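Okay, structure first, notes after.
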Amino acid sequence: QVQLVESGGGLVQAGGSLTLACTASGSISTINPMGWYRQAPGKQRELAAQMTSGGNTNYADSVKGRFTISRDNAKKMVFLQLNSLKPEDTGVYYCFADAYRGTYRYPRSWGQGTQVTVSS
């Protein structure tokens, strides 16, 4: 069983910044990848950013240059720094993790979601 707990999020004006954090717990030997999806009101959930355990990153085109993902593998944490926020970044941000216990891969785990609201 893998659990993800998110923190951060909130209300910010356009141009502002936020930091999201997510911590995984459970019987985990590695997580690959770990990252964030987001879901805007009335839209499908989309990948915002992810990072492999080796440090390779993947960003949605809409957030490149503004969001930065980072990880602390030892603490099983992932962070998302959101800069230059726009109203269209508003939505629920979900942490996800593809966790392993040895060679066993858990089903993808999801956090409960954290709301990010950007006012114009």
Side-chain angles (χ1 to χ4, degrees):
Q1 192 82 356
V2 175
Q3 292 185 328
L4 302 179
V5 177
E6 300 154 346
S7 61
L11 173 64
V12 64
Q13 288 188 332
S17 298
L18 286 171
T19 302
L20 308 182
C22 174
T23 304
S25 62
S27 182
I28 300 169
S29 55
T30 189
I31 302 174
N32 193 24
M34 196 171 185
W36 299 87
Y37 274 71
R38 65 181 185 177
Q39 187 166 20
K43 295 188 177 181
Q44 288 190 332
R45 192 176 296 191
E46 64 173 2
L47 177 69
Q50 66 179 30
M51 178 179 271
T52 68
S53 57
N56 292 320
T57 59
N58 184 30
Y59 292 94
D61 288 341
S62 58
V63 309
K64 284 180 181 177
R66 300 187 299 119
F67 292 7
T68 302
I69 190 169
S70 60
R71 287 179 59 168
D72 184 330
N73 290 332
K75 295 183 178 179
K76 300 183 181 66
M77 296 185 71
V78 66
F79 306 91
L80 189 64
Q81 178 66 39
L82 293 69
N83 295 328
S84 302
L85 282 162
K86 304 175 181 180
E88 52 262 43
D89 294 316
T90 294
V92 180
Y93 285 67
Y94 296 92
C95 174
F96 78 93
D98 289 349
Y100 294 80
R101 185 183 71 237
T103 58
Y104 172 73
R105 177 178 173 174
Y106 291 99
R108 172 165 286 187
S109 302
W110 294 93
Q112 77 279 8
T114 186
Q115 178 70 42
V116 171
T117 302
V118 184
S119 63
S120 57

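Values in this document were obtained by computation on a predicted structure and should not be read as measured data.
By the 30° and 60° cut-offs, the orientation of the rings of Tyr94 relative to Trp110 is perpendicular.
Contact annotation: the side chain of Met34 never approaches that of Asn73 to less than 4.5 Å [non-hydrogen atoms, C-beta and beyond]. Residues Gln13 and Leu85 have side chains not in contact (no heavy-atom distance under 4.5 Å, counting atoms from C-beta outward). When side chains are defined from C-beta on, Asp98 does not count as touching Asn32, because their heavy atoms never get closer than 4.5 Å. The shortest side-chain heavy-atom distance between Gln1 and Ser109 does not fall under the 4.5 Å cut-off. Contact of the Glu88 side chain with the Ser62 side chain is not registered, since no non-hydrogen atoms from C-beta on lie closer than 4.5 Å. At a threshold of 4.5 Å between non-hydrogen side-chain atoms, the residues Arg38 and Val63 count as touching. With contacts defined as side-chain heavy-atom distances shorter than 4.5 Å, the pair Ser27/Tyr104 does not qualify.
For Phe67 and Tyr59, the ring centers sit 6.0 Å or farther from each other.
A side-chain contact (heavy atoms from CB on, under 4.5 Å) with Ser17 holds for exactly one of Asn83, Val12, Leu82; it is Asn83. Screening Cys95, Ser70, Pro33 for a side-chain contact (heavy atoms from CB on, under 4.5 Å) with Val78, the sole residue that qualifies is Cys95.
Formation of a donor-acceptor pair under 3.5 Å by the Ser84 side chain with backbone atoms of Arg66 is not found in this model.
Remark: the Thr19 side chain and the Gln81 side chain contain an N/O donor-acceptor pair separated by less than 3.5 Å.
Here CG of Leu20 is found 11.0 Å from CZ of Phe79. Values are rounded to the nearest 0.5 Å. Here Glu6 contributes atom CD and Gln115 contributes atom CD; the two are 11.5 Å apart, rounded to the nearest 0.5 Å. Taking CG of Leu47 as the reference point, atom CZ of Arg45 lies at 11.5 Å (rounded to 0.5 Å).
Around CD of Glu46, the count of heavy atoms belonging to other residues, nucleotides or ligands within 6.0 Å exceeds 12.
If you chain together hydrophobic residues whose side chains sit under 4.5 Å apart, Val2 and Tyr37 never meet in one group.
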